[in-house]
**Q** 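I have a structure here, written as structure tokens, and I will follow up with some questions on it.
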Amino acid sequence: MAVDQKLEELMGLLGDFGRYQAFQFVLHLLAAVTAGLHMLSLVTVAAVPEHRCFIDALDSAAATSNGTILPSFSQLSDYIPLNADGELESCLMYDPLAPGNGTTVSCSSYVYNNTYYQSSRTIEWNLVCDKRWMGALGQTIYMLGVFTGAVWLGGLADKVGRKKVFCWSALMQLILGVAVAFTPEFISFLVLRYLYGIFGSAGSYITGFVLTMELVGPSKRTPCGISFQGAFAGGIMLVAAWGALIPDRMILQVVYGLHGLLLVAHWWIMDESPRWLWMQGRKREAVNIVDRAVRMNGRGMNVDKEYYLVEDKTTYTEEPTATSAGLADLFKTPNLRKMTLNVCLCWFANSITYYGLSLSAGKLSGNPFLILFLMGLVEFPSYISISYLLDKLGRRSITSSLMIVGGICCIVAAYLTRGSTESTSIVMFGKLFIAGSFAVIYNYSAELFPTVVRNSAMGLGSMCARLAGAMTPMITLLDSFDPKIPAVIFGVISLISGTWVLFLPETMGKPMPQSLMDGENFGRGDTAFSSCMGRSKTHTEDFPPPQQMSIMSSTLDIVPVTKRYNPNNAINPFLMGALGQTIYMLGVFTGAVWLGGLADKVGRKKVFCWSALMQLILGVAVAFTPEFISFLVLRYLYGIFGSAGSYITGFVLTMELVGPSKRTPCGISFQGAFAGGIMLVAAWGALIPDRMILQVVYGLHGLLLVAHWWIMDESPRWLWMQGRKREAVNIVDRAVRMNGRGMNVDKEYYLVEDKTTYTEEPTATSAGLADLFKTPNLRKMTLNVCLCWFANSITYYGLSLSAGKLSGNPFLILFLMGLVEFPSYISISYLLDKLGRRSITSSLMIVGGICCIVAAYLTRGSTESTSIVMFGKLFIAGSFAVIYNYSAELFPTVVRNSAMGLGSMCARLAGAMTPMITLLDSFDPKIPAVIFGVISLISGTWVLFLPETMGKPMPQSLMDGENFGRGDTAFSSCMGRSKTHTEDFPPPQQMVSLRKNSR
């Protein structure tokens, strides 16, 4: 690694930790205290006390005038029903208009338990029951503010300086922390909470941490970094302490806000980072600060300023300076990009598991202020242990081990009785572990990335953590399906990230990188596995010398795979086989979205026929590839055309040609034909032992599609939307005569120009994938459908690969795996036009997901496990079949193929991910199947928010698609409200003038 020796020599004059560093460190540390305090201030300021409905007969002034303070439980139970635990319902009461018949109604007002909370935002605004989401939104908005501040202020600190961002953030958190106490209504409260998040727990905290890491020596980075986490926990304890002392929520919030005064004096007494100044080119300022620090430390030496200010001719003049380097530079070169993505996942997983253990895996009962105080206090043993061990065992191994153990604790606690001694113990142990890994990742991140983008990288990591924090309240709502689901999700994410951390380089005892080139070369080839095998090289031979960096920057990430990996020795054969299939799935992934969009622009037939020709050529060619790299390249291209282009385009052609009553059997037939293809794989494999001949035979099946160029027609619907109406009418005329309908097509009638045509509506040539996301209704449908495709695919493979296994002849097994799907397709063909698309898709996905989870907990290979797997596969194969029909009917003609391609892309992404997720069974055989099942349950529930398409005409234009099924959900249908909201849109004849006026 190219290290600026002069800078390291200059910073070495300070020593690792003297009086100067101690003074600056304390100043920086105060920002961690205020960050922790602001982060959880809403826990007390908007606390949710126990509550029940206000009963006029018991709680009114007249009823309590006799001196009764509290009505008894028996009195209340006459008016309020009991829940499953024998306690009073919080949000329901018996209908006072129909006494005695047991019907319940929601509360109109509430009585709150004021044992611990005299006032709070929740009490003032009644943010309980049907308004509970509003309270959660307040915390989520704050976390989104922290999310924004982490990346924005992190990048800003790399450009304008650490000190400026620190001090301005301190001033803003003081102003906003006090101002938010006086907001009179909810919207302004949310706006101020968002701004409060940006400056309250992001700007000063992250910047202060980076300032410390850049100032202290390597031997003191660990205790100083861990101290930041301890100070943050101390801020949480302060929230509890002030909350217990101050009953009024307004005064309490003002006190929290006034803690910003601790940071105001920093503008005059805190110094800028000498490392940042040096990389900025402001070397004289850096040298002056170090000179003053050396004298304060009493080191008994003088700084030779002129020596350090002499221009070094070997400086890499092409390297971006701090003013030009930024967030984007983290993704421009391969090694930095891989480290950045890995670290981002690590931040995300630590945050979500931390909150998962706190919110979902167990609960303590008693004084809420004492509980909150203990939740901060319990982290200190972890920090003390980490301070001692981190410089002995290293960052990588400790982070990985703690995350894996924390994730396991999260999952185990989910399956124990909530509130039990065992559950509480597991939660506390898990929180010790995950708090430790969360502390280490701060140090680890600061040491991994170079000075010119260190603050940007820390901000990006913190952004990912805050995104996880913002998502956690939403994920915990899934406990309405099963209390275990949220904790299992949190734990699995931690396990995945903890494993991937092993691919990061170790930083213990190494100098911090300074420039982008330092960062790119840092730890290349150093993973836990290469270290175990004695191979921890840096691969600097693969990189050009410094003077060539600017010339080759655009191609730096293109390193020949054959030079970096020897397929015969370095790659495990099993991984090579899995890589071949994964590369094929990535090809299908690419083809699904690229060819889908292309078919909407140039025509279904062209894409179908060219894909058929390419799959024939590539299917044969791949049989003759002599070595692994060319094999992978051809497999990728083979995937693009072999299982994407003709298949999806052919499906769309069918859906656009047949009538509504036949869409179901025709669509299901496609899935049956696909299963038939799987059976053909088994049949040919059993007959042909030579792999080269076998692949040639598979490839020659492309001959079945070659003649389509001459005998298959283009879609009349697509031609019509393209403006090629005469061709569309001619095809329909020929089809009518071929069908023997005994009628003639009046071509002139259909070719007369319709004056009411929406001339401003994008045609097929201009509409594309981006149009699926431009308007709200289409955007919501697109995201929902994409998740549905993804979940169907991952659950299908999950049931096949993770939840159970058959033993015996592999060709027979593969044949049966295709055959078993046919009963599902036959049933779906019969039921789909009777029950509708939405209800069937949702039901099948939920049942399939449950089967996936249940099978994971049965003995693998047992009769019960095999039966559950087969039933689950029947259900998920059925929903996978329906989603093809459903997607084709939901989206308009001008973007139908794009939508189908996007959905298929999501399915292929899931297919490519599945083999990687199944590797988690090395920790616990249940983990992969639980992940697959949970995803299916989530998506199956969200499908209920899609509109029903049964018996409805297919939309044609983008406006048709935007208006299609608006307001139609499973819940609105149940309540008799399935309106389209067309009243929200102008009539068609006004659309053109509105668009022109908007321009």
Side-chain angles (χ1 to χ4, degrees), residues 3-4 6-35 157 161-167 170 204-232 234 262-263 265-280 282-283 285-305 308 383-384 386-388 390-391 439-440 442-447 451 454-455 458 507-514:
V3 177
D4 192 326
K6 274 196 173 181
L7 176 60
E8 293 302 323
E9 184 182 340
L10 178 67
M11 297 303 294
L13 296 176
L14 288 171
D16 278 7
F17 197 80
R19 283 196 296 266
Y20 174 79
Q21 287 105 316
F23 176 67
Q24 294 292 317
F25 168 62
V26 171
L27 296 179
H28 304 157
L29 200 62
L30 291 175
V33 176
T34 61
R162 281 66 161 129
K163 181 177 177 178
K164 284 183 180 178
V165 170
F166 184 105
C167 294
S204 298
Y205 177 51
I206 297 172
T207 310
F209 183 88
V210 171
L211 279 163
T212 292
M213 291 295 102
E214 292 181 347
L215 190 62
V216 302
S219 68
K220 300 301 179 184
R221 285 183 202 150
T222 296
C224 289
I226 301 301
S227 298
F228 264 76
Q229 317 315 312
F232 190 93
L262 293 171
L263 308 178
H266 285 53
W267 188 267
W268 296 277
I269 60 178
M270 186 180 78
D271 287 326
E272 181 57 271
S273 164
R275 288 183 181 272
W276 179 84
L277 289 169
W278 186 278
M279 295 308 298
Q280 184 81 356
R282 295 159 61 180
K283 296 185 179 181
E285 295 174 67
V287 172
N288 288 338
I289 290 173
V290 173
D291 179 51
R292 187 168 66 252
V294 167
R295 285 187 273 108
M296 185 174 177
N297 283 349
R299 300 270 292 171
M301 61 180 72
N302 295 318
V303 177
D304 185 351
K305 295 185 180 181
Y308 291 106
Y383 299 146
I384 295 169
I386 291 297
S387 298
Y388 176 75
L390 199 57
D391 286 330
V440 176
Y442 274 85
N443 279 50
Y444 202 6
S445 300
E447 294 171 351
T451 301
R454 183 170 295 123
N455 225 97
M458 293 292 292
T507 62
M508 182 176 67
K510 297 179 181 178
M512 297 173 77
Q514 302 299 325

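Along the sequence shown, residues are numbered consecutively beginning with 1. Only this structure's heavy atoms are used, side chains among them; waters, hydrogens and symmetry mates stay out.
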**Q** Who pairs with Val216 by side chain to side chain contact (heavy atoms under 4.5 Å, CB included), at least two apart in sequence or on another chain?
**A**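 Only Phe17, Gln21, Thr212, Lys220, Arg221, Cys224 meet the side chain to side chain contact (heavy atoms under 4.5 Å, CB included) criterion with Val216.
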**Q** Closest heavy-atom contact between Asn297 and Gly18?
**A**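 Heavy atoms only, the tightest pair is OD1-C, 3.3 Å.
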**Q** Give me the ring orientation class for Phe228 and Phe209: parallel if the planes are under 30° apart, tilted from 30 to 60°, perpendicular past 60°.
**A**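 It falls in the perpendicular class, over 60°.
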**Q** Rounded at 0.5 Å granularity, tell me how far CG in Leu27 sits from CZ in Phe166.
**A**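 It is 7.5 Å, given to the nearest 0.5 Å.
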**Q** Between Tyr205 and His28, is there a side-chain heavy-atom distance shorter than 4.5 Å?
**A**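 With C-beta onward as the side chain, the pair stays apart.
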**Q** Sequence neighbours left out, what passes side chain to side chain contact (heavy atoms under 4.5 Å, CB included) with Asp271? Give chain and number order.
**A**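 Testing Asp271 for side chain to side chain contact (heavy atoms under 4.5 Å, CB included), a comparison that skips the adjacent residues, returns Tyr20, Gln24, Ile289, Arg292.
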**Q** Can any side-chain N or O of Arg282 pair as donor or acceptor with the backbone N or O of Leu277 at less than 3.5 Å?
**A** no
**Q** State, to 0.1 Å, how close Ser273 and Glu214 come at their nearest heavy-atom pair, and which atoms those are.
**A**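 Reported closest heavy-atom pair: OG-OE1, 2.6 Å.
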**Q** Rounded to the nearest 0.5 Å, how far does CZ of Arg162 lie from CG of Leu211?
**A** 7.0 Å
**Q** What are the two closest non-hydrogen atoms of Phe25 and Ser227, and how far apart are they?
**A**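 Closest heavy-atom pair between Phe25 and Ser227: CZ-CB, 3.5 Å.
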**Q** Taking the side chain as everything from C-beta on, heavy atoms only, tell me whether Leu215 gets closer than 4.5 Å to Pro274.
**A** yes
**Q** Are the side chains of Ser204 and Thr34 in touch, meaning some heavy atoms are under 4.5 Å apart?
**A**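 A side-chain contact under 4.5 Å is absent here.
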**Q** Can you name the side chain to side chain donor-acceptor pair (under 3.5 Å) partners of Tyr383, sequence neighbours left out?
**A**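 So Tyr383 forms a side chain to side chain donor-acceptor pair (under 3.5 Å) with Glu379.
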